[in-house]
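In this chain, numbering begins with 1 at the start of the sequence shown.
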Amino acid sequence: MAKGSKDYGQYFDFSDARIISESDGKTTYRIKGRNVQINSQPDYREGKRRGKEEIEVHYHFEIPPEMEDFGRGKSYHITTYGCQMNEHDTETIKGMLEQLGYRAAADRSEADIILLNTCAIRENAEDKVFGELGHLKTLKLEKPGLLLGVCGCMSQEEGVVNRIMARHSFVDMIFGTHNIHRLPELIKEAVFSREMVIEVWSKEGDIIENLPKKREGLRAWVNIMYGCDKFCTYCIVPFTRGKERSRRPEDVLAEVRELARQGFKEVTLLGQNVNAYGKDFTDIDYTFGDLMDDMRKIDIPRVRFMTSHPRDFDDKLIHVLGKGGNLVEHIHLPVQSGSTAVLKRMSRKYTREAYLELVHKIRAGVPDAVLTTDIIVGFPGETEEQFEETLSLVREVGYDMAYTFIYSPREGTPAAGMEDNVPAEVKSGRLQRLNDLIKEQSRQGNERMLGKLAEVLVEGESKNNQQILAGRTRDGKLVHFAGPASLVGTMVQVRITGAKTWYIQGDYQAEAAAVR
């Protein structure tokens with residue numbers, strides 16, 4: 001075995017685990033009667049290193065010629081967990097599979113390849129995936145030729161890969177977030193070797209442009225950067241997504257212009273920390289504010305972004321957002337806690353006061369801004385007084401919506417070594433109190449819309465009533481109104497007449513011309 005490489009036999013109580021072969025940097029083990037080919041494996045220590053290596057951009061992705069018809073007559077099914085970044089990764093995976101000849105299966109029982117694109121942000125997300133693998137084992141027994149793979153953020157975790165090898169040996173492929181472009185080769189290796197193939201890069205590698213994507217609907221996601229360097233103590237993302245690296249502005253702008261040409265009505269710019277965009281450029285001075293200013297010049301009705309870090313939200317960005325146009329007023333600004341002491345333990349690197357000052361600047365620069373946020377309750381050491389500080393901050397800011405979570409430790413993060421000393425029943429009680437406040441503020445925010453005329457992007461018909469349409473306002477509010485199905489895909493004017501907790505109701509203003 002090469003010096004420094006891992007001996008996977010040490011993780012399992014398998015007396016028969018042994019090395020079968022080593023060649024070209026790949027090691028094949030015999031574990032529980034199955035060969036496991038390890039091309040590369042996740043390593044937390046390696047993933048945490050943030051070197052000065054130059055990130056190259058590659059523009060010439062191609063499906064290997066021998067794989068172009070590999071999936072002809074076969075079908076695929078993908079289940080996606082987690083955030084918009086995972087959803088966008090799934091679009092790329094679908095694009096590659098369809099270039100291989102695969103087509104989407106209506107039901108996973110009919111699929112020839114099944115992939116679980118996973119999320120690692122919370123423990124219950126991982127529990128769902130392992131539960132799903134238990135169900136898929138039966139299907140795999142019924143269809144031995146089925147190719148079953150696990151990808152996404154969970155695959156970047158050492159413990160997850162070890163657990164799959166130990167308890168779910170029927171899985172055929174494991175790959176991570178850094179090497180999605182390698183999917184055609186991994187499928188080929190898994191099929192022809194009949195071994196479990198594991199290829200997870202701990203280091204993020206280069207930026208691969210021009211990957212095929214299968215987008216559906218009226219809205220499109222566009223990655224502008226990858227990774228995160230913030231290393232909040234509770235967060236696994238810097239390990240699963242790698243260091244911050246920005247796509248070149250000309251590539252991002254070209255992609256959005258093409259989406260506008262194709263007729264998409266809305267684009268969401270994605271990144272773990274979008275407002276750190278451009279800070280890694282060494283040859284140009286070009287920030288997220290510059291990118292958003294250039295987005296204003298593209299003929300697409302709406303541009304939004306997720307997610308931003310308060311530490312990197314600068315005055316230039318606020319100034320650009322204040323220009324309006326196709327830049328929407330919705331700003332997602334995760335706070336995580338309203339207590340400076342808790343924020344320090346989280347290593348968020350801002351105080352309660354600094355966050356509130358930023359909110360004040362945003363309100364002044366973007367008068368119609370609608371703010372939403374992320375909040376964690378029950379972080380190690382959180383006292384009742386500190387939780388009350390979170391409630392008071394929520395009241396002061398007046399969020400229209402928040403994603404709220406109970407803290408759960410993630411293996412490999414600094415917080416996992418802290419004493420998790422807030423009892424479960426206390427965490428649950430705090431979450432309920434927080435959610436009650438958020439519901440109250442959401443309804444109040446919706447009530448402020450009463451009587452106003454709103455621009456709505458019509459997304460589809462209601463599942464329960466075909467005469468009722470559903471769409472979103474510029475600031476992301478869900479609107480229900482009566483109207484013909486022909487309005488789906490258009491931008492219309494709706495007079496708001498009713499306010500519920502999580503959506504608003506209105507009357508379609510037929511006399512007002514469609515916005516676009």
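Aromatic ring orientation, Y399 versus Y355: tilted (interplanar angle from 30° to 60°). The aromatic rings of F405 and Y403 lie parallel to each other, their planes meeting at an angle below 30°, with 60° marking the opposite boundary. Using the six-membered ring where Trp is involved, F192 and F70 have ring planes that are perpendicular, over 60° apart on the 30 and 60° scheme.
Ion pairing between E158 and R163 fails under the 4.0 Å rule for side-chain N and carboxylate O. A salt bridge between D229 and R241 is absent, with no side-chain N of the basic residue lying under 4.0 Å from a carboxylate O of the acidic one. Between D290 and K316 there is a salt bridge, since at least one side-chain N of the basic residue sits less than 4.0 Å from a carboxylate O of the acidic one. The existence of a salt bridge linking E382 and R430 is confirmed by a sub-4.0 Å separation between a basic side-chain nitrogen and an acidic carboxylate oxygen. For the pair E123 and R410, the salt-bridge criterion is not met [side-chain N within less than 4.0 Å of a carboxylate O]. E91 and K213 are not joined by a salt bridge, as no carboxylate oxygen comes within less than 4.0 angstrom of a charged side-chain nitrogen. A salt bridge is defined here as a Lys NZ or Arg NE, NH1 or NH2 lying under 4.0 Å from an Asp or Glu carboxylate O, and K188 with E185 fails to meet this definition. The pair E209-R248 does not count as a salt bridge, with every side-chain nitrogen at least 4.0 angstrom from each carboxylate oxygen. The pair D312-K279 meets the salt-bridge criterion, since a charged nitrogen lies less than 4.0 angstrom from a carboxylate oxygen.
The closest donor-acceptor contact from the side chain of K140 to the backbone of L146 lies under 3.5 Å. Side chain of D172 to backbone of G149: no donor-acceptor contact under 3.5 angstrom is found. A donor-acceptor pair under 3.5 Å links the side-chain atoms of R215 to the main chain of W221, judged by distance alone. With hydrogens and angles ignored, the 3.5 Å screen pairs no side-chain donor or acceptor of D69 with any backbone N or O of G101.
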Could you please spell out the steps behind the salt bridge (Lys or Arg N to Asp or Glu O under 4.0 Å) verdict for K427 and D420? CA-CA 11 Å; K427 291 180 182 178; D420 191 7; 2.9 Å; yes
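Residues T90 and N117 bring a donor and an acceptor atom of their side chains to less than 3.5 Å of each other. In the model, D280 has a side-chain atom that pairs as donor or acceptor with a side-chain atom of S246 under 3.5 Å. With 3.5 Å as the limit, one finds a donor-acceptor pair spanning the side chains of D206 and H58. A donor-acceptor pair shorter than 3.5 Å can be found between the side chains of H330 and T372. Looking only at atom types and distance, the side chain of Q37 has a donor-acceptor partner in the side chain of N39 under 3.5 Å away. In the model, K349 has a side-chain atom that pairs as donor or acceptor with a side-chain atom of S347 under 3.5 Å. Donor-acceptor pairing under 3.5 Å is recorded for the side chains of H332 and D374.
Once rounded to the nearest 0.5 Å, the distance linking OG1 of T282 with CD1 of I55 reads 11.5 Å. Rounding to the nearest 0.5 Å gives a distance of 5.5 Å between CE of M292 and CG of L321. Of the inter-residue distances, the one linking T287 atom OG1 with I284 atom CD1 reads 10.0 Å to the nearest 0.5 angstrom. Here CG of L371 is found 9.0 Å from CG of L358. Values are rounded to the nearest 0.5 Å. The OG1 atom of T404 sits 3.5 Å away from the CG atom of N435 when rounded to the nearest 0.5 Å. N86 CG to H88 NE2: the interatomic distance, rounded to the nearest 0.5 Å, is 11.5 Å.
Smallest separation of non-hydrogen atoms from M96 and I180: CE-O, 3.0 Å. Heavy atoms only, all atoms of each residue included: N179 and G176 are closest at OD1-N, 3.3 Å. P238 approaches C228 most closely through the heavy-atom pair CB-O, 3.5 Å. The two residues P380 and M418 have their closest heavy-atom pair at CB-CB, 3.9 Å. Taking both residues in full, the closest heavy atoms of T413 and F239 are given as CG2-CE1, 4.4 Å, listed atom of the first, atom of the second, then distance.
Evaluated for a side chain to side chain contact (heavy atoms under 4.5 Å, CB included) with L253, the options V222, D294, I224 yield exactly one hit, D294.
Within 6.0 Å of CG in D285 there are 12 or fewer heavy atoms belonging to other residues, nucleotides or ligands. More than 12 heavy atoms of other residues, nucleotides or ligands shown are found within 6.0 angstrom of CZ on R296.
Checked against the 6.0 Å centroid criterion, the rings of F130 and H168 qualify as a close aromatic pair. Aromatic rings of Y102 and Y76 (six-membered ring for Trp) have centroids beyond the 6.0 Å cut-off, not under it.
A cation-pi arrangement, defined by a distance under 6.0 Å to the six-membered ring centre and an angle within 45 degrees of its axis, is absent between R122 and Y407.
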